[in-house]
**Student:** 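Before I ask anything, let me first share the structure, which is written out below as structure tokens.
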Protein chains: 2
Amino acid sequence: MLIRIDYQDARPIYEQITAGFEKLILSGVLEPDEQLPSVRGLAVELSTNPNTVQKAYAALERNGFIYTVKGRGNFVSGNVSLINERKRSMREQIEAILKEADELGIDRKELLEGLGGKGKND
Amino acid sequence: MLIRIDYQDARPIYEQITAGFEKLILSGVLEPDEQLPSVRGLAVELSTNPNTVQKAYAALERNGFIYTVKGRGNFVSGNVSLINERKRSMREQIEAILKEADELGIDRKELLEGLGGKGKND
DNA sequence: TGAACTGTACTATTTGTGTTAGTACAGTTA
DNA sequence: TAACTGTACTAACACAAATAGTACAGTTCA
């Protein structure tokens, strides 16, 4: 069970599937050219519909996480820039929060206190 | 025009209204006991429906941002703890992003580089 | 008192998204 | 050929967001 659906999660199923595979691919659990479960197979496994899985896979391909070979299956792409794009996206998210903090008169330093590292300084 | 609706924004209208007033209240633009636009008045102003505004106001009251007096209107509450709750919520959001970074093997320090303050250190 | 405001509470309808279901077609593998 | 793979449709259902309309209750003020 590589992927697990959480029905408490507000996100739609197809989005949980894409997010799940994105994490598995970016963290290296799934290696380049490794095959993903088939659309129909994963649908059975997750007790969901092939169309829902298909929608998730289409998004993964659109964003460069996987490539598709018709008749063979879906495979992890060896796209190295993905991790950098994710890093940039995370910085954007944090920057948006800090911008809101600015507008509310909350000090950035105070907000980030103790979030820096794990046992180094701070 | 205190509030502006962005139809590019994926968030529903009622949520944009609550978010807008929350920011105005937390930043002090709207002061305690100051009156908000009437449900019907704001609906006309935003070219939306009174029910939609009502839904937004109900949420604001539920979360302690405003109080309602039937027949008179809605007013900003003088709840001082709201800003601290917001601060806590922001830290949670950032912490969630950093936790994901950990799982992807991205260094927290590197991610937070240069986001600290405005012209002090970092 | 009565008119004109305020909020509140419904019901009905429309629209869009997510999901399910079913069918059909095309390419690959053994 | 049989059994896999992905892809492309259409139809139907559920749900949330939003709109529309009506009705009722409390406040303000002339």
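All heavy atoms count here, side chains included; hydrogens, waters and symmetry mates do not. We name chains A, B, ... by the order of the sequence lines, and we start the count at 1 in each one.
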**Student:** Between C1' on D:dA17 and CD1 on B:I5, what's the gap in Å once rounded to a whole number?
**Tutor:**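 My rounded result for the distance is 13 Å.
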**Student:** Starting at atom CG of A:N74, determine the distance to atom C1' of C:dT28, rounded to an integer number of angstrom.
**Tutor:**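 Rounding to the nearest Å, CG of A:N74 and C1' of C:dT28 are 14 Å apart.
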**Student:** The side chain of A:S38 is closest to which nucleotide in this list: D:dA17, D:dG6, D:dT7?
**Tutor:**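 For A:S38, the side-chain atoms sit closest to D:dG6.
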**Student:** What is the distance from CD of A:Q54 to P of C:dA24, rounded to the nearest Å?
**Tutor:**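 It works out to 19 Å between those atoms.
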**Student:** Return the value, rounded to whole Å, for the distance between atom CG of A:L42 and atom C1' of C:dT20.
**Tutor:**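 It is 16 Å, rounded to the nearest whole Å.
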**Student:** Decide if atom CD of B:E92 counts as having more than 12 heavy atoms of other residues, nucleotides or ligands within a radius under 6.0 Å.
**Tutor:**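 Enclosed.
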**Student:** Counting just side-chain N and O atoms, does A:Y14 come under 4.0 Å of either OP1 or OP2 of C:dG18?
**Tutor:**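 Yes, because at least one side-chain N or O of A:Y14 sits under 4.0 Å from OP1 or OP2 of C:dG18.
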**Student:** Distance check needed: D:dT19 P versus B:I17 CD1, whole Å only.
**Tutor:**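 Between P of D:dT19 and CD1 of B:I17: 9 Å.
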**Student:** Does one hydrophobic cluster hold both B:F75 and B:L60, with members joined at side-chain heavy-atom distances below 4.5 Å?
**Tutor:**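 Each belongs to a different hydrophobic cluster.
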**Student:** Would you mind telling me which of D:dG26, C:dT19, C:dA26 lies closest to the side-chain atoms of A:I13?
**Tutor:**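 Among the listed nucleotides, the one closest to the side chain of A:I13 is C:dT19.
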**Student:** Between C:dT20, C:dT8, D:dG6, which nucleotide has the shortest distance from any of its atoms to the side chain of B:R40?
**Tutor:**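 The nucleotide sitting nearest to the side chain is C:dT8.
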**Student:** Are B:Y7 and B:L2 linked, directly or through intermediate hydrophobic residues, by side-chain heavy-atom contacts shorter than 4.5 Å (ILVMFWY only)?
**Tutor:**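 The answer is yes; both residues are in one hydrophobic cluster.
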**Student:** Just how far, in rounded Å, is C1' of D:dA16 from CZ of B:R11?
**Tutor:**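 Those two atoms, CZ and C1', are 17 Å apart.
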**Student:** From the options C:dT19, C:dG7, D:dA20, select the nucleotide whose nearest atom is closest to the side chain of B:N49.
**Tutor:**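 Of C:dT19, C:dG7, D:dA20, D:dA20 is nearest to the side chain of B:N49.
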**Student:** Separation of A:N51 atom CG from D:dA12 atom P, in whole Å?
**Tutor:**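 So the CG-P distance, A:N51 to D:dA12, works out to 16 Å.
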**Student:** Need to verify one output field. Residue with the more 5' nearest nucleotide on DNA chain C, A:V69 or A:T48?
**Tutor:**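 Between the two, 5'-proximity favours A:T48.
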**Student:** Whole Å only: how far is the CZ atom of B:R72 from the P atom of C:dA4?
**Tutor:**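 After rounding, the reported distance stands at 21 Å.
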**Student:** Hey, does the side chain of B:K55 come within less than 4.0 Å of D:dA17's phosphate (OP1/OP2), counting only N and O?
**Tutor:**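 Indeed, a polar side-chain atom of B:K55 lies that close.
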**Student:** If only side-chain N and O atoms count, and only distance matters, is there a donor-acceptor pair under 3.5 Å linking B:N79 with B:S77?
**Tutor:**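 There is no such pair (donor and acceptor under 3.5 Å, judged by atom type) between the side chains of B:S77 and B:N79.
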**Student:** Answer yes or no: is there an ion pair linking A:E110 with B:K87, defined by an N-O contact shorter than 4.0 Å?
**Tutor:**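 Yes, charged N to carboxylate O under 4.0 Å.
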**Student:** Would you mind telling me which of D:dA18, C:dG7, C:dG18 lies closest to the side-chain atoms of B:T52?
**Tutor:**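 Nearest to the side-chain atoms of B:T52, counting from C-beta on, is D:dA18.
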